[in-house]
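Take a look at the structure below.
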Amino acid sequence: MSELSRRLTESADERLARLAAEAAEGPTISTAEYSKRSRRSFLTGAVAAAAGIAGFRAIQNRPLDGRTPDVLRKGYEWNEFVWETLGSQSKLAPTYALADATSIRVNGRLGLPDNYDLSTYELTVKGINDEVLETFDLEGMRTLINSFPQVDVVMEHKCIEGWSAKPRWGGAVFADFASRYADDVPSTYGYVAMETSDARYYVGVDRATMLNRQSLLATKLGAEDLSLAHGAPLRLATPHKYGIKSIKQIATIRFTNERPDDYWAERGYTYWAGF
Amino acid sequence: MKDRTSSVSPTMTSPSVPVMAADESATSHAEPHSVASFKHTRASRWMHWINFPLLTIMVWSGLRIYRADVQDPFGVGIAGWHWFNLFPEWINESLGLRRKLAKGMAFHFTFGWFFTLNGIAYAIYLARSGEWRHIVPDRRDLADVAAVVLHDLKLRKATPPQGRYNAAQKVAYSGVLFLGFTVVISGLAILSPTQLSPLTRLLGGYEFARTIHFSSTIGFLLFFVTHLLQVTRAGWSNFASMVTGYELKKDVK
């Protein structure tokens, strides 16, 4: 760019001449013409401002879709489209050394009753037509999870509220668990629906994210078994979604083609909630 | 009526010559008279005013997101001794920002795209139209910034030489453009830290990208306050030029 090189090499006097020319750039008009322009421009400005304010109000008065104005729901879906097209579900999120693990807050208690009796725990696995494929009691579930290759990994957990932590999770890869049902569930299913024992917290996650090797059915936090507050005896741990999707105390796992209900998506949040 | 400003294309190589309107009869008078001289192109004016509500929505919705986490990362303190929060509860309360995270996100992630598009359009426009020459400071401008500030504070009489904008304006306008860049880049690093993990890593990780994002916002707010103050000081004719494109000059000889 010659203008750039001119600037770098010009003398002080040349600079003064350039600045003077820059200041004088452009036409000069009569006051009569200025008045005409002024009227027109301020009128245009007023119309544009009114349109902007009306538009902003109109957005907030749109019909709600999951407690969010439908046009903003479209905005969420646009983001989802962009990142899904770029293939973020199949990428691997960064992992960290075990020594870099941090503790993690207990943030969500939805679906976790105070006096939950672990011995009453039951895991139900359902197929595409809502049919029960298998049920497990606490010991059965633990035996099942332990039958898969065990993962011990530190990944970033990001809360939709803004904080993040690097917990160390232990458990099985969900994809390994899912392959157990390969004969019963067509590989084209769209989502996995998961619920707590009392069904008061529930999430839906797309198949691609669930089959990412970093999406875990976790039984351990740090080197310990999960505490009740962190989702004992079984929870989802995935670095590919905000923490709202990493449901605690999973009691139902259902493969489905329909997009499942999702607790927070019904309350104004993004359904996808991915990275 | 055709907009004159769009026909003015500053040449990049030869020194620009002031283009006078052909039908300017008033200039032949010898007595003091008022004229209006060109200041802002139509494209700059539109993008400036489109940016204003977009940035307002981004800051408003962004504060809602920021507020969702109970701890204020910009609280100032040393070794666990907490002095004050940058965005204390009463500010959020008085702005009506009471923990409406979902609403904040819905607006932020939708309007962020419009904010980014407007910014990209402006950057391309600046580069292609040659308007960047008025905004990008040269090295002597950088040295003159302090002198301009002292002059504005009435601590110094002489004004350093200036083109369309003075040295401090150039630095401020370039700076706020740079903030636009950092806020979008860090925003993307937070929005999609897996897909864009190299970018997130480049910005020092997820948490540091958040710090950059919020710091940029604080930079915008500081710019905004200064900008309002200076526009108020400069007076109506200067303000109106951002709407009309021309600045009225009284009693020119």
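Everything quoted here is computed from the prediction, not taken from an experiment. Letters go in sequence order (proteins before strands), and every chain restarts at 1. Because only heavy atoms are used, hydrogens play no part in the values below, and waters and symmetry mates are left out as well, while side chains stay in.
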Any idea which of A:Ala17, A:Ser164, A:Ala93 has the most non-hydrogen atom pairs under 4.5 angstrom with chain B?
-> A:Ser164
Against chain B, work out which of A:Glu156, A:Lys74, A:Arg39, A:Lys158 has the most heavy-atom pairs shorter than 4.5 Å and name it.
-> A:Lys158
How many angstroms lie between CG in A:Leu86 and CG in B:Leu196, if you round to the nearest 0.5 Å?
-> 7.5 Å
Atom pair CZ/OG of A:Phe275 and B:Ser197 - distance to nearest 0.5 Å = 12.5 Å
Identify whether the distance between the nearest side-chain nitrogen and carboxylate oxygen of B:Asp141 and A:Arg18 falls below 4.0 Å.
-> no
Pair A:Lys166 + B:Glu207: basic N to acidic O under 4.0 Å | no
Measure the shortest side-chain to side-chain distance between [X] and [Y] over non-hydrogen atoms and say whether it is less than 4.5 angstrom.
X	Y	value
B:Phe109	A:Leu72	no
A:Glu10	B:Arg140	yes
A:Ser41	B:Arg45	yes
B:Met105	A:Ile160	yes
A:Glu25	B:Phe38	no
A:Thr31	B:Leu248	yes
A:Leu19	B:Tyr165	no

Which region of [X], side chain (C-beta onward) or backbone (N, CA, C, O), has a non-hydrogen atom less than 4.5 Å from a non-hydrogen atom of chain A, or is it both or neither?
X	result
B:Lys103	side chain
B:Leu188	side chain
B:Pro137	backbone
B:Ile57	side chain

Hey, is [atom1] on [X] packed in by over 12 heavy atoms from elsewhere, all under 6.0 Å?
X	atom1	value
A:Arg267	CZ	yes
A:Tyr96	OH	yes
B:Tyr173	OH	yes
A:Phe42	CZ	yes

Of the backbone (N, CA, C, O) and the side chain (C-beta and beyond), which part of [X] lies under 4.5 Å from a heavy atom of chain B, both, or neither?
X	value
A:Thr68	side chain
A:Thr270	neither
A:Ile53	neither
A:Arg67	neither
A:Pro69	neither
A:Ala48	side chain

Within the distance-only criterion (no hydrogens, no angle test), does the side chain of [X] pair as donor or acceptor with the backbone N or O of [Y] below 3.5 angstrom?
X	Y	value
A:Arg7	B:Arg133	yes
A:Asn79	B:Thr110	no
B:Thr244	A:Arg37	no
B:Arg164	A:Ala23	no

Decide yes or no on side-chain contact (heavy atoms from CB on, under 4.5 Å) for B:Leu101 and A:Trp264, but give the supporting numbers first.
-> CA-CA 11 Å; B:Leu101 171 60; A:Trp264 285 114; over 6 Å; no
Kindly indicate, with the supporting measurements, whether the criterion side-chain contact (heavy atoms from CB on, under 4.5 Å) is fulfilled by A:Glu161 and B:Tyr66.
-> CA-CA 8 Å; A:Glu161 291 180 351; B:Tyr66 180 86; over 6 Å; no
State yes or no: are the ring centers of B:Phe107 and A:Phe56 separated by less than 6.0 Å?
-> yes
Taking the six-membered ring for Trp and the single ring otherwise, decide whether the centroids of A:Trp163 and B:Tyr206 are under 6.0 Å apart.
-> no
Max heavy-atom pair count under 4.5 Å with chain A, selected residue of B:Pro193, B:Gly205, B:Ser37, B:Ala240 | B:Pro193
Top residue by heavy-atom pair count (under 4.5 Å) with chain A, among B:Gly104, B:Pro53, B:Pro161, B:Ala106?
-> B:Ala106
Looking only at heavy atoms, which two atoms of A:Arg15 and B:Asp144 are closest? And how far apart?
-> NH2-OD2, 3.8 Å
Can you check side-chain contact (heavy atoms from CB on, under 4.5 Å) on A:Glu33 and B:Tyr246, steps first, answer last?
-> CA-CA 10 Å; A:Glu33 198 182 330; B:Tyr246 285 78; 5.9 Å; no
Between B:Trp113 and A:Trp83, how do the two ring planes meet: parallel, tilted or perpendicular, split at 30° and 60°?
-> tilted
